[in-house]
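Note on naming: letters A, B, ... go to the chains in the order of the sequence lines (proteins, then strands), and numbering restarts at 1 for each one.
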Amino acid sequence: MSKAPLAQIAIQCLGPGGIPVKEPSLAIDSPDHEMPEIALFGDEEGKLTVRLYPGTYELEARDGDLIARTRLKVNAGQTAASATILFDAN
Amino acid sequence: MTEGLETLRFRDGSTGDSSGSKASKKQDLIKIGRSTPASDAAPDAEFGFAVESVIGVDQRARIYPTLETPWRMITHLSLIGQGVRGTGTGFLVGPRTVLTAGHCLYYEPYFAGFASRVEVSPGRDNVTKPFGTLEGANFRVHPKWERDANPDFDLGCLTLPEPIGEELGWFALAAVDPNDLPGRFVNVAGYPTDLGGTEMYHHAGHIKAVSERRIHYDVDTAPGQSGSPVFVEAEGERVCLAVHAYGSRGSELHVGVESNSAPMLLQSTFDMINAWIEEDNAA
(Lines give C-alpha, C1' and ligand atoms only; values in the text may rest on other atoms or scores of the structure.)
Protein backbone atom coordinates (compact mmCIF):
# COMPACT_ATOMS: atom_id res chain seq x y z
CA MET A 1 0.00 0.00 0.00
CA SER A 2 1.28 3.46 -0.86
CA LYS A 3 2.45 5.82 1.80
CA ALA A 4 0.53 8.79 0.36
CA PRO A 5 -1.34 10.87 2.95
CA LEU A 6 -4.46 9.23 4.34
CA ALA A 7 -7.88 10.80 4.00
CA GLN A 8 -10.31 10.50 6.88
CA ILE A 9 -13.49 8.80 5.70
CA ALA A 10 -16.73 9.02 7.68
CA ILE A 11 -18.98 6.10 6.77
CA GLN A 12 -22.69 5.95 7.58
CA CYS A 13 -24.93 2.92 7.02
CA LEU A 14 -28.61 3.70 6.56
CA GLY A 15 -31.59 1.43 6.19
CA PRO A 16 -34.95 2.07 4.55
CA GLY A 17 -36.35 5.48 5.44
CA GLY A 18 -32.93 6.77 6.39
CA ILE A 19 -32.91 4.90 9.67
CA PRO A 20 -29.38 4.15 10.88
CA VAL A 21 -28.37 0.51 10.78
CA LYS A 22 -27.20 -0.56 14.20
CA GLU A 23 -23.69 -2.04 14.34
CA PRO A 24 -23.40 -3.24 10.72
CA SER A 25 -20.33 -5.16 9.67
CA LEU A 26 -18.27 -3.58 6.94
CA ALA A 27 -15.62 -4.89 4.59
CA ILE A 28 -13.48 -2.66 2.38
CA ASP A 29 -11.83 -3.81 -0.80
CA SER A 30 -9.98 -2.02 -3.55
CA PRO A 31 -8.67 -2.72 -7.03
CA ASP A 32 -5.87 -0.26 -6.30
CA HIS A 33 -4.57 -1.56 -2.98
CA GLU A 34 -3.99 -4.88 -1.32
CA MET A 35 -6.65 -4.75 1.38
CA PRO A 36 -6.48 -7.23 4.25
CA GLU A 37 -9.36 -9.50 5.23
CA ILE A 38 -10.38 -7.65 8.34
CA ALA A 39 -14.01 -6.90 9.16
CA LEU A 40 -15.09 -3.64 10.76
CA PHE A 41 -18.24 -2.71 12.63
CA GLY A 42 -20.23 0.48 12.76
CA ASP A 43 -21.48 1.86 16.04
CA GLU A 44 -25.07 1.94 17.28
CA GLU A 45 -25.81 4.72 14.79
CA GLY A 46 -24.24 2.84 11.92
CA LYS A 47 -21.18 5.09 11.82
CA LEU A 48 -17.48 4.41 11.67
CA THR A 49 -14.38 6.27 10.61
CA VAL A 50 -11.43 4.90 8.67
CA ARG A 51 -8.44 6.45 6.96
CA LEU A 52 -7.79 5.51 3.34
CA TYR A 53 -5.08 6.16 0.80
CA PRO A 54 -6.00 7.67 -2.57
CA GLY A 55 -7.71 5.12 -4.76
CA THR A 56 -10.99 3.46 -5.54
CA TYR A 57 -12.71 1.38 -2.91
CA GLU A 58 -15.69 -0.92 -2.68
CA LEU A 59 -17.52 -0.88 0.63
CA GLU A 60 -19.76 -3.78 1.57
CA ALA A 61 -21.96 -3.55 4.65
CA ARG A 62 -23.99 -6.36 6.18
CA ASP A 63 -26.89 -6.28 8.59
CA GLY A 64 -27.75 -9.89 9.24
CA ASP A 65 -28.60 -11.33 5.83
CA LEU A 66 -28.95 -7.92 4.22
CA ILE A 67 -26.06 -6.67 2.10
CA ALA A 68 -25.44 -3.19 0.73
CA ARG A 69 -22.55 -1.97 -1.35
CA THR A 70 -21.21 1.31 -2.58
CA ARG A 71 -18.12 2.59 -4.30
CA LEU A 72 -15.87 5.35 -3.01
CA LYS A 73 -13.10 7.25 -4.73
CA VAL A 74 -10.45 9.01 -2.68
CA ASN A 75 -8.49 11.54 -4.72
CA ALA A 76 -4.85 12.45 -4.16
CA GLY A 77 -4.62 15.42 -1.83
CA GLN A 78 -8.06 14.80 -0.38
CA THR A 79 -7.98 14.91 3.41
CA ALA A 80 -11.55 13.94 4.24
CA ALA A 81 -14.59 12.39 2.62
CA SER A 82 -17.82 10.72 3.58
CA ALA A 83 -19.64 7.69 2.26
CA THR A 84 -23.19 6.56 2.84
CA ILE A 85 -24.13 2.93 2.37
CA LEU A 86 -27.84 2.53 1.76
CA PHE A 87 -29.67 -0.70 2.41
CA ASP A 88 -32.43 -1.24 -0.10
CA ALA A 89 -36.01 -1.12 1.10
CA ASN A 90 -36.46 -4.64 -0.30
CA MET B 1 -14.20 -36.80 -1.42
CA THR B 2 -11.55 -37.68 1.08
CA GLU B 3 -8.10 -37.71 -0.33
CA GLY B 4 -5.33 -40.11 0.49
CA LEU B 5 -2.48 -39.12 2.70
CA GLU B 6 0.31 -37.21 1.15
CA THR B 7 3.64 -36.39 2.64
CA LEU B 8 5.11 -32.93 2.76
CA ARG B 9 8.72 -32.41 3.57
CA PHE B 10 9.94 -29.20 5.10
CA ARG B 11 13.32 -27.64 5.26
CA ASP B 12 13.11 -27.00 8.93
CA GLY B 13 11.25 -28.22 11.96
CA SER B 14 8.76 -26.78 14.37
CA THR B 15 8.67 -25.74 17.99
CA GLY B 16 6.11 -25.48 20.70
CA ASP B 17 4.16 -28.59 19.84
CA SER B 18 0.93 -29.04 21.75
CA SER B 19 1.77 -32.49 23.01
CA GLY B 20 4.82 -31.29 24.85
CA SER B 21 7.33 -33.23 22.79
CA LYS B 22 9.96 -31.43 20.79
CA ALA B 23 9.39 -31.91 17.08
CA SER B 24 12.27 -33.05 14.95
CA LYS B 25 14.19 -30.51 12.90
CA LYS B 26 13.04 -32.20 9.73
CA GLN B 27 9.67 -33.83 9.62
CA ASP B 28 7.06 -35.24 7.30
CA LEU B 29 3.80 -33.34 7.25
CA ILE B 30 0.56 -35.02 6.34
CA LYS B 31 -2.36 -33.22 4.82
CA ILE B 32 -5.89 -33.37 6.16
CA GLY B 33 -9.28 -32.22 4.96
CA ARG B 34 -11.26 -32.62 1.78
CA SER B 35 -10.54 -31.83 -1.84
CA THR B 36 -12.17 -28.81 -3.46
CA PRO B 37 -14.28 -29.40 -6.55
CA ALA B 38 -13.97 -26.82 -9.27
CA SER B 39 -16.74 -24.32 -9.78
CA ASP B 40 -17.59 -21.66 -12.31
CA ALA B 41 -19.87 -19.58 -10.12
CA ALA B 42 -20.18 -16.04 -11.44
CA PRO B 43 -18.67 -13.11 -9.59
CA ASP B 44 -20.77 -10.29 -8.22
CA ALA B 45 -22.53 -8.67 -11.16
CA GLU B 46 -22.41 -5.05 -10.02
CA PHE B 47 -18.77 -4.83 -9.04
CA GLY B 48 -17.32 -7.74 -10.94
CA PHE B 49 -16.34 -9.38 -7.67
CA ALA B 50 -17.50 -9.94 -4.15
CA VAL B 51 -15.68 -8.40 -1.22
CA GLU B 52 -15.52 -11.73 0.52
CA SER B 53 -13.25 -14.30 -1.04
CA VAL B 54 -15.33 -17.38 -1.55
CA ILE B 55 -13.91 -19.03 -4.64
CA GLY B 56 -16.70 -20.68 -6.56
CA VAL B 57 -19.16 -22.55 -4.34
CA ASP B 58 -18.95 -21.68 -0.65
CA GLN B 59 -17.69 -24.81 1.09
CA ARG B 60 -16.97 -23.50 4.53
CA ALA B 61 -18.25 -25.70 7.33
CA ARG B 62 -19.17 -24.46 10.76
CA ILE B 63 -17.14 -25.95 13.59
CA TYR B 64 -19.04 -26.82 16.75
CA PRO B 65 -18.45 -27.60 19.42
CA THR B 66 -15.09 -25.87 19.48
CA LEU B 67 -13.83 -27.57 22.62
CA GLU B 68 -11.44 -29.99 20.96
CA THR B 69 -8.02 -29.60 19.36
CA PRO B 70 -7.29 -27.82 17.09
CA TRP B 71 -10.37 -25.61 17.23
CA ARG B 72 -9.90 -24.49 20.81
CA MET B 73 -6.43 -23.21 19.88
CA ILE B 74 -8.04 -20.78 17.43
CA THR B 75 -9.26 -17.49 18.89
CA HIS B 76 -11.82 -14.88 18.00
CA LEU B 77 -10.28 -11.40 18.20
CA SER B 78 -12.27 -8.27 18.96
CA LEU B 79 -10.19 -5.39 17.69
CA ILE B 80 -10.72 -1.90 19.04
CA GLY B 81 -9.06 1.20 17.64
CA GLN B 82 -9.66 4.91 17.32
CA GLY B 83 -13.27 5.24 16.21
CA VAL B 84 -13.48 1.74 14.84
CA ARG B 85 -14.08 -1.84 15.92
CA GLY B 86 -13.26 -4.96 14.00
CA THR B 87 -13.07 -8.73 14.06
CA GLY B 88 -10.09 -10.90 13.32
CA THR B 89 -8.76 -14.35 14.10
CA GLY B 90 -5.66 -15.53 15.92
CA PHE B 91 -4.26 -18.80 17.21
CA LEU B 92 -2.14 -20.00 20.07
CA VAL B 93 1.50 -20.72 19.26
CA GLY B 94 2.72 -20.89 22.84
CA PRO B 95 1.38 -20.89 26.39
CA ARG B 96 0.77 -17.15 26.31
CA THR B 97 1.38 -16.18 22.69
CA VAL B 98 -1.28 -15.61 20.03
CA LEU B 99 -0.12 -15.26 16.43
CA THR B 100 -2.26 -13.30 13.99
CA ALA B 101 -2.03 -11.07 10.94
CA GLY B 102 -0.05 -7.91 11.52
CA HIS B 103 -2.96 -5.76 10.37
CA CYS B 104 -5.14 -7.09 13.21
CA LEU B 105 -2.77 -5.32 15.58
CA TYR B 106 -1.27 -2.49 13.55
CA TYR B 107 -2.95 -0.87 10.58
CA GLU B 108 -2.85 2.83 9.82
CA PRO B 109 -6.03 2.96 7.73
CA TYR B 110 -8.25 1.39 10.37
CA PHE B 111 -6.54 1.85 13.74
CA ALA B 112 -4.35 4.91 13.04
CA GLY B 113 -1.45 2.76 14.21
CA PHE B 114 -1.71 0.01 16.78
CA ALA B 115 -5.11 -1.21 17.97
CA SER B 116 -5.82 0.14 21.41
CA ARG B 117 -7.37 -3.10 22.70
CA VAL B 118 -7.68 -6.68 21.54
CA GLU B 119 -9.98 -9.14 23.29
CA VAL B 120 -9.09 -12.78 22.79
CA SER B 121 -11.76 -15.51 23.06
CA PRO B 122 -10.35 -19.00 22.31
CA GLY B 123 -12.81 -21.37 20.69
CA ARG B 124 -15.61 -18.82 20.68
CA ASP B 125 -18.90 -20.24 19.42
CA ASN B 126 -21.48 -17.50 18.97
CA VAL B 127 -22.24 -16.12 22.43
CA THR B 128 -20.46 -19.02 24.11
CA LYS B 129 -16.88 -18.33 25.11
CA PRO B 130 -15.86 -21.69 26.55
CA PHE B 131 -12.45 -20.55 27.69
CA GLY B 132 -13.38 -16.99 28.58
CA THR B 133 -12.06 -13.75 27.15
CA LEU B 134 -8.58 -12.45 27.84
CA GLU B 135 -7.16 -9.03 27.14
CA GLY B 136 -4.18 -9.18 24.81
CA ALA B 137 -1.11 -7.05 25.49
CA ASN B 138 2.38 -6.44 24.18
CA PHE B 139 1.39 -6.15 20.52
CA ARG B 140 4.29 -6.82 18.17
CA VAL B 141 4.31 -6.86 14.37
CA HIS B 142 6.97 -7.58 11.80
CA PRO B 143 8.98 -4.36 11.29
CA LYS B 144 8.44 -4.50 7.54
CA TRP B 145 4.69 -4.51 8.14
CA GLU B 146 4.85 -1.61 10.58
CA ARG B 147 7.21 0.46 8.45
CA ASP B 148 6.12 -0.34 4.90
CA ALA B 149 2.73 -2.08 5.21
CA ASN B 150 4.34 -4.82 3.13
CA PRO B 151 1.76 -7.64 2.81
CA ASP B 152 4.53 -10.21 2.59
CA PHE B 153 5.35 -9.49 6.23
CA ASP B 154 1.81 -9.09 7.56
CA LEU B 155 2.38 -10.95 10.83
CA GLY B 156 2.13 -10.06 14.48
CA CYS B 157 1.52 -11.47 17.91
CA LEU B 158 0.18 -10.56 21.31
CA THR B 159 0.68 -11.82 24.81
CA LEU B 160 -2.02 -13.24 27.07
CA PRO B 161 -2.11 -12.53 30.79
CA GLU B 162 -2.40 -16.25 31.60
CA PRO B 163 -0.69 -19.32 30.09
CA ILE B 164 -3.97 -20.67 28.75
CA GLY B 165 -2.05 -22.58 26.09
CA GLU B 166 -0.94 -25.02 28.77
CA GLU B 167 -4.59 -26.08 28.99
CA LEU B 168 -5.65 -25.67 25.36
CA GLY B 169 -2.45 -26.56 23.50
CA TRP B 170 -0.94 -24.61 20.66
CA PHE B 171 -0.04 -24.91 17.01
CA ALA B 172 3.42 -26.01 16.03
CA LEU B 173 5.16 -23.85 13.45
CA ALA B 174 7.20 -24.83 10.43
CA ALA B 175 9.72 -22.84 8.48
CA VAL B 176 8.77 -23.85 4.98
CA ASP B 177 10.63 -24.47 1.75
CA PRO B 178 8.53 -22.73 -0.94
CA ASN B 179 9.55 -25.35 -3.49
CA ASP B 180 7.71 -28.01 -1.49
CA LEU B 181 4.39 -26.19 -1.34
CA PRO B 182 2.63 -25.99 -4.73
CA GLY B 183 -0.37 -28.31 -4.88
CA ARG B 184 -0.33 -29.12 -1.20
CA PHE B 185 -3.48 -29.36 0.85
CA VAL B 186 -4.02 -26.83 3.64
CA ASN B 187 -6.66 -25.97 6.21
CA VAL B 188 -7.89 -22.54 7.28
CA ALA B 189 -10.28 -21.89 10.17
CA GLY B 190 -11.45 -18.61 11.61
CA TYR B 191 -14.33 -16.20 12.16
CA PRO B 192 -15.80 -14.90 8.88
CA THR B 193 -18.15 -11.97 9.37
CA ASP B 194 -20.22 -12.73 6.29
CA LEU B 195 -21.41 -15.72 8.35
CA GLY B 196 -21.90 -13.75 11.54
CA GLY B 197 -18.33 -13.28 12.71
CA THR B 198 -18.75 -15.09 16.02
CA GLU B 199 -18.83 -18.71 14.84
CA MET B 200 -15.83 -20.65 13.63
CA TYR B 201 -15.74 -21.94 10.06
CA HIS B 202 -13.27 -24.26 8.40
CA HIS B 203 -12.39 -25.06 4.82
CA ALA B 204 -9.50 -26.88 3.21
CA GLY B 205 -8.05 -26.64 -0.26
CA HIS B 206 -4.94 -26.63 -2.35
CA ILE B 207 -2.03 -24.26 -2.64
CA LYS B 208 -2.41 -22.96 -6.18
CA ALA B 209 0.63 -20.72 -6.42
CA VAL B 210 3.64 -19.67 -4.42
CA SER B 211 5.21 -16.26 -4.79
CA GLU B 212 8.38 -15.02 -3.16
CA ARG B 213 6.94 -14.84 0.34
CA ARG B 214 3.25 -15.77 0.06
CA ILE B 215 1.20 -18.87 -0.62
CA HIS B 216 -2.02 -18.65 -2.63
CA TYR B 217 -4.79 -21.20 -2.09
CA ASP B 218 -8.34 -21.96 -3.11
CA VAL B 219 -9.63 -22.13 0.45
CA ASP B 220 -12.77 -20.02 0.94
CA THR B 221 -12.36 -17.13 3.36
CA ALA B 222 -14.01 -13.81 4.23
CA PRO B 223 -13.27 -10.64 6.20
CA GLY B 224 -12.81 -11.56 9.84
CA GLN B 225 -10.60 -14.52 8.99
CA SER B 226 -7.43 -12.47 8.85
CA GLY B 227 -4.97 -14.05 11.22
CA SER B 228 -6.30 -17.58 10.79
CA PRO B 229 -3.79 -20.41 10.82
CA VAL B 230 -3.02 -22.03 7.47
CA PHE B 231 -2.13 -25.47 8.67
CA VAL B 232 -1.55 -29.12 7.91
CA GLU B 233 -1.50 -32.14 10.18
CA ALA B 234 1.74 -33.94 10.80
CA GLU B 235 1.84 -37.05 12.92
CA GLY B 236 -1.06 -35.89 15.04
CA GLU B 237 0.16 -32.34 15.38
CA ARG B 238 -1.31 -29.29 13.72
CA VAL B 239 1.49 -27.41 12.05
CA CYS B 240 1.04 -23.84 10.86
CA LEU B 241 2.76 -22.87 7.61
CA ALA B 242 1.35 -19.38 7.07
CA VAL B 243 -1.02 -16.78 8.52
CA HIS B 244 -4.09 -16.00 6.41
CA ALA B 245 -4.35 -12.32 5.55
CA TYR B 246 -5.68 -11.56 2.07
CA GLY B 247 -8.73 -12.37 0.00
CA SER B 248 -8.69 -12.83 -3.73
CA ARG B 249 -8.65 -9.10 -4.49
CA GLY B 250 -5.90 -8.44 -2.00
CA SER B 251 -3.78 -11.28 -3.26
CA GLU B 252 -1.08 -10.75 -5.81
CA LEU B 253 -2.58 -10.69 -9.28
CA HIS B 254 0.61 -11.71 -11.04
CA VAL B 255 0.32 -15.26 -9.76
CA GLY B 256 -2.45 -15.70 -12.33
CA VAL B 257 -5.01 -17.63 -10.28
CA GLU B 258 -8.02 -16.57 -8.26
CA SER B 259 -6.90 -17.31 -4.76
CA ASN B 260 -6.65 -16.11 -1.20
CA SER B 261 -3.23 -15.71 0.33
CA ALA B 262 -1.01 -15.65 3.36
CA PRO B 263 2.58 -14.76 4.15
CA MET B 264 4.58 -17.95 4.58
CA LEU B 265 6.64 -18.74 7.62
CA LEU B 266 10.02 -18.58 5.96
CA GLN B 267 13.08 -19.02 8.11
CA SER B 268 13.42 -15.35 9.07
CA THR B 269 9.79 -14.94 10.14
CA PHE B 270 9.85 -18.36 11.80
CA ASP B 271 12.84 -17.21 13.86
CA MET B 272 11.17 -13.92 14.73
CA ILE B 273 7.99 -15.62 15.94
CA ASN B 274 10.00 -18.07 18.03
CA ALA B 275 11.80 -15.13 19.61
CA TRP B 276 8.42 -13.58 20.44
CA ILE B 277 7.27 -16.85 22.02
CA GLU B 278 10.44 -17.15 24.06
CA GLU B 279 10.05 -13.54 25.19
CA ASP B 280 6.52 -14.31 26.40
CA ASN B 281 7.62 -17.51 28.12
CA ALA B 282 10.38 -15.68 29.96
CA ALA B 283 8.10 -12.89 31.18
At a heavy-atom separation under 4.5 Å, does [X] approach chain A through its side chain, its backbone, both, or neither?
X: A245(B); answer: backbone
X: L77(B); answer: neither
X: F111(B); answer: both

Across all chains, not counting sequence neighbours, the ring pair (Phe, Tyr, Trp, His ring centres under 6.0 Å) partners of F41(A) are none
Residue pairs passing the side chain to side chain donor-acceptor pair (under 3.5 Å) test with at least one member in residues 74-87 of chain A, sequence neighbours excluded, are none
Near-ring test F231(B)/F171(B), centroid separation under 6.0 angstrom = yes
- Check whether the side chains of D125(B) and T66(B) place a donor and an acceptor atom closer than 3.5 Å, and report yes or no. no
Most contact-rich option vs chain A, by heavy-atom pairs under 4.5 angstrom, among G197(B), A101(B), C104(B), A112(B), is A112(B)
